[in-house]
Each structure stands twice: as C-alpha cells, then as structure tokens.
Number of protein chains: 2
Amino acid sequence: MSTRKVVVREDVARYANVSPAVVSYVLNKGPKRVRPETEARVLEAIRVLGYRPNAAARALKLQSQEIFGLVLSTGGNALFVELANAIEDAANALGFAVINTNSRESAAREREHLRNLVNRRVDGIMLASVEAQPDISEVARAGVPVLLLDNGGSIESVPSVGADLEAGAYDAVRHLIDHGHERIGMISGPPTDLSDGREAGWSRALAESGLPEGPLVPATPKRFGGYKAAKRLLASGDGLTALFTSCDAQGVGALRAVHEAGLRIPDDIAIVSFDGSTEAEFTWPGLSTMRQPVEQMAEDAVAELLALRDGGRAPTHRTYPTTLQARGSCGCVDKDPLS
Amino acid sequence: MSTRKVVVREDVARYANVSPAVVSYVLNKGPKRVRPETEARVLEAIRVLGYRPNAAARALKLQSQEIFGLVLSTGGNALFVELANAIEDAANALGFAVINTNSRESAAREREHLRNLVNRRVDGIMLASVEAQPDISEVARAGVPVLLLDNGGSIESVPSVGADLEAGAYDAVRHLIDHGHERIGMISGPPTDLSDGREAGWSRALAESGLPEGPLVPATPKRFGGYKAAKRLLASGDGLTALFTSCDAQGVGALRAVHEAGLRIPDDIAIVSFDGSTEAEFTWPGLSTMRQPVEQMAEDAVAELLALRDGGRAPTHRTYPTTLQARGSCGCVDKDPLS
DNA sequence: TTGAAAGCGCTAACAA
DNA sequence: TTGTTAGCGCTTTCAA
C-alpha cells in the first residue's frame, strides 16, 4: 500500500490534457494567464487526483523554503512561548512555516541550531540569544537574514525587535514608588546581560526620587531563578518592601518565595515584573507586570526579515513601549482574570 | 554584496580536484569508500569554501525533508509547551527539525495546518487534536505518518502516545479520598472529549469508596477555563471540599478562583490536577498533580514515526503511567521547588 | 577508488 | 494562450 505512487504535476497535466507548465501557471496564478476553461480542467484534475505540489522541489527552484527559523534561549519562559505563538501566526499568515528550536541556556546549543537552520536555507532566523553579543558571523556569511529578539539592538548591523526595557523598568519602579515604597530591590537577568536597560531604568527611577539603590540580584530568567533570588533577598533582611523582576517567570518564582516566607503580598512585599504574559494573570495575587506588545513585535519581526531578504534595505531597530498591567501584587486592585 | 554566489557542491569538487560525486561520498560517508587523502582534500575544500549542502536539493532527491510537523490544539497549556520542547530535543538528536503549529482550539485551523504540513512533505506529523476523532484521512492518503498525542488511542489504525488517563485520575482522586474528602468535584476537558478516561477514573474512585459523584464541569484546557469552572463550582454551594482538574492549566485557574473566593487551600478546598508541568511547582500553594513522563513520550513518539515511515510496521498505542507529585494543594507537605 | 550522468518535481524563460 | 525545456543542487547507479 505504500507503493501507491504519489501524484506529481505531470500526472495532473496528462489528466487535464495540458502541458505541465500550464499546471504551474494555474497553481501560481501566473506568470502567464490561462483560459478559464483550461484552468477549470486543471483544478478538477488536481482535485480528482489529490495532487499536492512538492515543497522541496519548489524550494529548490525558488531558492526559498518559505520557512523561518526561531531560536529561543530559554524553555520555560512564558513570554517566549507567547512570542513564539505570535511569530507562528504572523509567519503562517504569509505562507511561511516556523522551525522552533530551544537553546536551553547553552551557547553551544544555540550555535548548533544556527548552523542547522542555515544549512536548511531558511528564509530568515529570529534569535533570542543566550549571549549579550551573539556571534552571527557565520549566519551572515551564508546570507541568511537574522533578527534579534528581545535584545536592545546590541549589534548595529543586525535588525532587532524588542521592548523599551529602560523605560519599562523605569515605569515599573516609579509605580512602586508611587505606592510609597522606598526600598526596592531588583532581580535582574543573567550577569552576561550587561547591556540590559532594565537595570538602568530601575536605577534611574530610584535616583530621581532620591532613593537608595536597593539590592540587585542577577538570576536566570526562569521561575526557579526568581525563586532563588527572592529567597536570598528576603533572607538578607534588608528592610526591602518591594521587588522589581526582569521577567514574569522570575516574578512567579518571587511570588512563591514570598509566600513561603509567610509574608503578605503586597502588604509586606510588593512585586512588579516585566513581560505581561498570561501566566501573570492567574497567580495569587495577580502579578503586576509591564506588558510587551508581543503580537506587534512578532508581525514586525516577520516583515523585517522578509524585507531584508528581498531588498537590501537597511536593518532597523525597533523598540516598543510597554504598558503597566496593574494587578494585586503591587498594591492595586486585583481585577479578575479576563482571558 | 548580496550577489556573492553561494558555494555549491561543484565548487568544492573543482577546488578539491575531484568529481562532485566524491564530495557526496565524503559528506554522506558512503555509499562508496573514498581514499583518505582524497577525503582530506575534500574536507579541506569544504572548510575553505564554507560549503553547506543545500537541504532542499537533498530533500528533493531523498524524498525526505528530515522535518517533523507538530500540531498542538491549545496555546497556553504548560504541558504542551514542555511536550513540544521534549519533542524538539528528541527530533534534533536524530537530525530532524520540527515545525510547530498551533490550532488554538479551531478544527479549521488544525485542518489547515495538516494540509500545509502534508504539502511540505514532512516525514511525520504529531497531532494533539482539537477533536476527539480527528479526521486524518487526507494525511493518511498522502502517505504521511501521523501519531496522536495525549489521546487515548482514539483511532485504531493510528499510533498514539499518551498518559494512562483513567489510572492517573483514579490515583488522583483516591489521594484526595485518603486525605478524607468525600465531596470531590471535577473540572474536565471540553465536552467534545467524550472518550476522556479522566472522567472515568474520577468516577471509579468515587464509586469504589461509596462516595457520591460530585459535580462535573467541562471547560477548555486553559487557565481561564479552570478559573471559570471553579468559580461556578464554588458558587453552586455544593459542600465541595476537593477538586480534581484535568490539566495543570485548569488547576492554576482553579487555584486563583479559590483564592479569590477567600477560601483556604487545602483546608477549605483541596486540589489535584493532571500533567506535572513546571508551572504547577511554583503556584501558591504548590499544585499537586499527576506527572506525565513527557520526555519518554516525546522520544517514543519520534521513534514511532520514524519506524512507521521506514518499515510498514503496525501502529502501536503507547500508554504511560502517571505519578503523583504531591504538594501543598492536596494537603501534603509543600516541599520547596527544586527546578 | 573515482567519475559520468540520470533523475527528484518544480518554475519560468523562451518559443510557438 | 499554451508548450518546450533548461536548470535548481543533490544522491546514487552504473561504468571506468
């Protein structure tokens, strides 16, 4: 039964009594026009025979797989999950598929994935790198467009799409200050991430209000990272009353740590995090967070990659404002989840 | 600069002073042996020229893209995220890439994704369907192997990989009974999911202990679904003291609903859910859950698909036991998160 | 051990 | 409007 021959374009042509070229013209709506009757015959043949054009052949001819590669640094991160979903949708809408890969914090794995995707001649790669200054020279040499995700334009010549980290962090910390907090700690990204604007924003908000810089603890952008960091912060007995975390995953971990310590949120410790993922909506209390416009970022990323592939247009760095999603963890009213 | 010609096999052959065939022999380690000196020359040429074999050409020739397709029904589900990650790893280990797609509860979208993947001639499709009885006739007709994920072998002729839902649910509910609960409600999957063993397991555990069937509320397998369902359950004032939810996402939603109602967990309402995703580890209190062996399932799924493609071996239905991950939400000791 | 060459199935330039 | 055909870059059979 597996010997049943697969239908190819020529079978359709024969059945419809036309040349193979005409089948292509119909399928691709060009580049030549086809008489309506002929087209109908071809379509009928395609239907009857159950013909499906072979994507590999098409890819070989067109030098385009109509596939994007996505390389994410971290597995359990809710924002990345949502970003990945949004990217899939945006790509699918344009007829592109997305190959997902996950580096799980390993630079070696990241390189491996990049190599693989380049070999597959994907039409573009979106990279949320493990490193602050990812080495994409090989990818660039192969002529595959790359776009950096969630990275403040760390490489001039490489386009990027990311939230305005500095401004977002500033707004988050200001909000905590407005709630009356004076001793605000921060759980930041991994130490490699030197250029992270979130630290700068936190720091600026504090300085502007004449407040001392609270303790700063770097951690992996995962629930467990936030959990451990918060535990350490709480144990240090620093008189901390509020915490800003660099992502929702860390925020969730911090929430847990505070609960475990028997402290009340937001009364004893208030928390604001960064990302605006759905996960933050269902914690207890709801996790206040700076929402990144994920869908917009995904759409723009896909469009940018396409533009880069087609015309040699200059790479752009896009920065998106975040908006405060105030919930219970900062001391605002905890509205019910809506989604 | 984008006119720089891409290096193809023939360039390598010319540089190494061999025929293109030899380059292939070296690259594929066969089917012919190559003299070591020649091989060294070829390898050197590949290195110098930065040659990368074109995957599309290879796919066309071999009739294999070395890509699997993954079609997931729901976006925000933590288990699916972990399953997807595990599948990527298992596939990558074999040199395969994975194209991820998400149906977001829509059967139409699911069909669309299946069509696309078939057109791309992927080597196999893993499907967590929106429907209880997915229509995969088209995919089967095209000769693309399919495997059902998280679905109790609903179609005889299609291989599947999934947890033992009935036994898992039974164990979960028994555990609640052992904690002394007598009125145990359930939040189940969507109503389409008639064959779901979790309901049966819940029901059997109750019956065996001579307990009445508590209320049963169907919901989407998402946080919001669990949230709404739990709210309804709580509002019904049914004397409920415990809740079993069909997935962690629902469990997280239920947790939130109970907190909002001002009830204590586990004292007023105890909860056990199903999946064992990392998300359940960081809630407050920790969400007790039946852990599915995701990595094992992923590995087996990939292996099965490969076996199906290569030899015409009979499809197998694999069922995996779940293990209770006891935490605070059921009334057990809430150990600290470890991961 | 190496090489020549026949396709894999498709797109699109060119011819009719 | 339709047909003919030359590749796209690779694998592998068959011949040397």
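Being a predicted model, the structure only gives us computed values, none of them experimental. Each chain gets a letter, A, B and so on, in the order its sequence line appears, and its residues count up from 1.
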For [X] and [N], what is the distance between atoms [atom1] and [atom2] respectively, to the nearest whole Å?
X	N	atom1	atom2	value
A/Asn28	C/dC10	CG	P	10 Å
A/Leu27	C/dG9	CG	P	15 Å
B/Leu62	C/dG7	CG	P	17 Å
B/Tyr25	D/dG9	OH	P	20 Å
A/Arg41	D/dT1	CZ	P	14 Å
A/Glu37	D/dT1	CD	C1'	11 Å
B/Arg121	C/dC10	CZ	C1'	11 Å
A/Glu39	D/dT2	CD	C1'	14 Å

How would you list, by chain and number, every residue that makes a ring pair (Phe, Tyr, Trp, His ring centres under 6.0 Å) with A/Phe68, sequence neighbours excluded?
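A/Phe96.
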
With heavy atoms under 4.0 Å as the rule, sort [X] into base, sugar-phosphate or nothing.
X	value
B/Arg33	base
A/Arg35	sugar-phosphate
B/Leu60	base

Is there a donor-acceptor contact under 3.5 Å from the side chain of B/Ser129 to the main chain of B/Glu131?
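Yes; judged by distance alone, with no hydrogens or angles, the pair exists.
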
If only atom types and distance count, is the side chain of B/Ser103 paired as donor or acceptor with the main-chain N or O of B/Leu72 below 3.5 Å?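 Yes, because the side chain of B/Ser103 sits within donor-acceptor range (under 3.5 Å) of the backbone of B/Leu72.
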
Residues of residues 12-24 of chain A with any non-hydrogen atom less than 4.0 angstrom from an atom of DNA chain D: list those, numerically ordered, please.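 A/Val18, A/Ser19, A/Ala21, A/Val22 - these, ordered by number, are the residues of the stretch whose heavy atoms sit under 4.0 Å from the strand.
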
### Task
Name every residue in residues 42-54 of chain B that has at least one heavy atom under 4.0 Å from any atom of DNA chain C, in order of residue number, or write none if there are no such residues.
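When residues 42-54 of chain B is checked for heavy atoms under 4.0 Å from DNA chain C, there are no hits whatsoever.
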
Using only side-chain N and O atoms of A/Thr38, determine if any of them is under 4.0 Å from OP1 or OP2 of D/dT1.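 Checking D/dT1 against A/Thr38, no side-chain N or O comes under 4.0 Å of OP1 or OP2.
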
### Query
If you check every side-chain atom of A/Val8, which of D/dT13, D/dG9, C/dC10 has the closest atom?
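Between D/dT13, D/dG9, C/dC10, the one nearest the side chain of A/Val8 would be C/dC10.
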
Requested in this report: Looking only at side-chain atoms of B/Gln63, point me to the closest of D/dG9, C/dC8, C/dC10.
Outcome: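 So the side chain of B/Gln63 is nearest to C/dC8.
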
When you compare the side chain of A/Leu114 with that of A/Glu138, does any pair of heavy atoms fall below 4.5 Å?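 SC-SC contact between A/Glu138 and A/Leu114 ruled out.
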
- Message: Closest-nucleotide mapping onto DNA chain C: is B/Lys32 or A/Ala57 further toward the 5' terminus? I mean the 5' end.
- Response: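 Final value for this comparison: B/Lys32.
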
Distance-only donor-acceptor test, A/Lys61 side-chain atoms vs C/dG9 base atoms, 3.5 Å: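 There is none.
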
